[in-house]
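Everything on this sheet refers to the single structure shown next.
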There are 2 protein chains.
Amino acid sequence: MSSSSATRRVTDTRRSREISIADIARVAGVSHTTVSRALRDSPLISEETRKRIQQLALEMGYTPNAIAQSLQTRRTSTIGLVVTSIADPFLSEVVRGVEEVARSAGLSVFLSATHNDPAQEIAVIETFHRRRVDGILVASSRITGEYKQRLDQIRVPTVLINSQAESQYELLHWVAVDDVAGARLAVEHLLTLGHRAIGYLGTNSRPRSCRQRREGYQAALASAGLVPREEWVIVMAAEEASPQEDVLCGRRALQRLLDAGVTAVFCQNDMMAVGILMACYRRGLAVPAELSVVGFDDIEMASYISPPLTTVRQPRIELGRLAMQVLLDLLQDQEGCNHVLSPMLVVRESTAQPSTSRPATRR
Amino acid sequence: MSSSSATRRVTDTRRSREISIADIARVAGVSHTTVSRALRDSPLISEETRKRIQQLALEMGYTPNAIAQSLQTRRTSTIGLVVTSIADPFLSEVVRGVEEVARSAGLSVFLSATHNDPAQEIAVIETFHRRRVDGILVASSRITGEYKQRLDQIRVPTVLINSQAESQYELLHWVAVDDVAGARLAVEHLLTLGHRAIGYLGTNSRPRSCRQRREGYQAALASAGLVPREEWVIVMAAEEASPQEDVLCGRRALQRLLDAGVTAVFCQNDMMAVGILMACYRRGLAVPAELSVVGFDDIEMASYISPPLTTVRQPRIELGRLAMQVLLDLLQDQEGCNHVLSPMLVVRESTAQPSTSRPATRR
DNA sequence: ACTGCTAATGCACACGTGTGCAAAGATCAA
DNA sequence: TTGATCTTTGCACACGTGTGCATTAGCAGT
């Protein structure tokens, strides 16, 4: 009994029951109904009692119980945000944009990571569904066909951000950046500088963006009447989709690229470009004098490294904001429409005219 | 009427009521009590009906309503995480550690940002309280005395991570890195290399860590019988506590440091060090040959820039994991204890012996 | 004085789940 | 056969809030 009472005491101390509208009602000598209405500024309540009760609530330190409200209204004012990795510099800006818009709309956001594992992705979504979130955002989703049925059951308004899944479902909405166009911008920039032997470095950890950026790369070369040689295109195998892994891929790939004889390389993302730059620093290869490097994403780091990286900017915060905005529309029963954002080339100092090849054609 | 019915239809389509244990009970021909117990593997239920009901729940695609459960059990299995900025590379690792441990303990985490504004910090905490989170984590808190009363009312188990507030409350628990010791490590490293004119560069946007790291800096110099000249110590004024702002501070400070005649500089954080490195790159100053630079935090970027940055590592993920662990203890009515983690020096390539000063004393 | 109307309030139920207690049925011992 | 014990189930209430409907009071009009 002593242990039981001790436990009780601790519990009571810590969880000293929150005061409810019933408590306020008791003190004010009215029904809980009246309190509920008064706090919600219902026109049914007289000016006088409303003021009195609101004042009382303040004095008693009342905080509405959002759980009870949610149960009643069947709305949680809550959304779930699923990302592959929280520490990814690309995603954290997206998260920031999402949180910003969500917060100003009075929504709270659950955050969870999946480590690029489709099974975990579904698990997280199911957890969010259990919590009855009003909507779900998924960044870099890898949901494949086998989960379609489960998603159909859940049926929560969902918006994908830069989905990596190859197939689309009419149920899901999405927001994405035009990978093909972005890649074209990057490669056209290198072509303009005079490069002809241009490599592509990608990773299979984000299959869709890898494929599309490669398509853009090839299209740009084709427009210039060039066909990339097989050894110019390198797609590294990586199980994780982490920044560390990407850098490592970049570092490992430099030798192969040099062997292939390229004078410039377009990387699937900035972290891979960083890996290339590190490898160049190690072996004393001057960038951009001896090798031009272009990235993709324009993460913060891109402008802080030496030399500052020429890259293709994805409007990361905008991507998050927009996705959240689309979700907000869906939550208000409006028709959500999908968006393709245009990326933009940011020329910094990791690209220049080729020196080892013959001089570029001047016009 | 037509518009009303249309609205109704849309609503019904989208929010086709989730099935509840009552629905299962109806189909199974038992009471909802039995279903509830069967799903929770209560020993009160016979093996046979339990199996039958669990199977039925599966077939009917039942997902427990966590909101209703929370209302009943007075536990949400939810925590709130408050950060100053989501995109901060230091914090995102902390968030990662928190989420990792929380998730494996079956807790979901709300994330919200305050932009280093104490008022918003309180607002976020109140929102979390409304949602009846079981606990709260605050990174780089700036809660000042004026909010103490409000916090007393709320009384949710709270753990601070690297709090920036100068005063402590016995109510709150905390986890932090030993700033003084970290700074000593950095400066002693520079002293060992032979530097004597060592600068300190800080920012007032994180007042407590600025003060403590400066103390460590001065203590280390004092141990070597040195007293820093006034112009060696620069504390930049910044309203925002953002990575961008820190870099800018670093870039702006270089000239003043050079004017002060230092051969090495210890920066309050890595981003400021990055700013210094950028400024050096711009003016063609060789690092570490002409100036040694040490940072603090060891964010990912530190190892990726050129030259790789010598810095003091804060165990960022550990910080997040540990804070969450302490909170878990508190949630189980165990006594939570505070922790001071020891930082660690990571020597890379931004530090070397001074060349412009007289040779260091060899032993 | 009676009717009709408006304003203000409370009753009772709903949201979906968990649990103490009673009750019914089953089993067993005497 | 009876009483006792155990197993299994359901009733009824609780958690805290929102809302349709009934009720009461007040007031004006006839």
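Values below: every heavy atom of this structure, side chains too, minus hydrogens, waters and symmetry copies. Sequence lines set the chain letters: A, B, ... in the order given, protein chains first and strands last, and positions in each chain run from 1. Note that this is a predicted model, so its numbers are computed, not measured.
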With no hydrogens and no angle check, do the side chains of [X] and [Y] hold a donor and an acceptor under 3.5 Å apart?
X	Y	answer
B:Glu121	B:Asn116	no
B:Thr33	B:Ser36	no
B:Gln120	A:Arg103	yes
B:Arg75	B:Ser70	no
A:Thr63	B:Glu126	no

If I take atom [atom1] in residue [X] and atom [atom2] in nucleotide [N], what distance separates them, rounded to the nearest angstrom?
X	N	atom1	atom2	result
A:Leu71	C:dA14	CG	C1'	9 Å
A:Ile53	D:dG18	CD1	C1'	15 Å
A:Arg130	C:dT17	CZ	C1'	13 Å

Q: Check if the side chain of B:Gln69 and the base of C:dT17 share a donor-acceptor pair of N or O atoms closer than 3.5 Å.
A: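 Checked by distance alone, the answer is no.
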
Q: Test A:Glu99 against A:Arg96 for salt bridge (charged side-chain N to carboxylate O under 4.0 Å, His left out), laying out the working first.
A: CA-CA 5 Å; A:Glu99 196 266 349; A:Arg96 190 176 155 194; over 6 Å; no

Q) Which letter, B, S or -, goes with each nucleotide of nucleotides 22-28 of chain C from 5' to 3', with contact meaning a protein heavy atom under 4.0 Å? A) -------

Are OP1 or OP2 of [N] and a side-chain N or O of [X] less than 4.0 angstrom apart?
X	N	value
A:Arg74	D:dG18	no
B:Tyr62	C:dT17	yes
A:Ser36	D:dG18	yes

Using nucleotides 7-10 of chain C, report all nitrogen or oxygen pairs with the protein that are shorter than 3.5 Å.
unit_1 : atom_1 : unit_2  : atom_2 : d
C:dT9  : OP2    : A:Ser46 : N      : 3.4
C:dT9  : OP2    : A:Thr49 : OG1    : 3.1
C:dG10 : OP1    : A:Ser31 : N      : 3.4
C:dG10 : OP2    : A:Ser31 : N      : 3.0
C:dG10 : OP2    : A:Ser31 : OG     : 3.0
C:dG10 : OP2    : A:Thr34 : OG1    : 2.3
C:dG10 : O6     : A:Arg37 : NH1    : 3.2
C:dG10 : O6     : A:Arg37 : NH2    : 3.2

Q | Side chains of A:Ile21 and A:Tyr62 in contact at under 4.5 Å (non-hydrogen atoms) | A | yes

Q: Measure from the side-chain N and O atoms of B:Asn338 to the backbone N and O of B:Trp174, and report whether any donor-acceptor pair falls under 3.5 Å.
A: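 Looks like yes, one N/O pair under 3.5 Å.
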
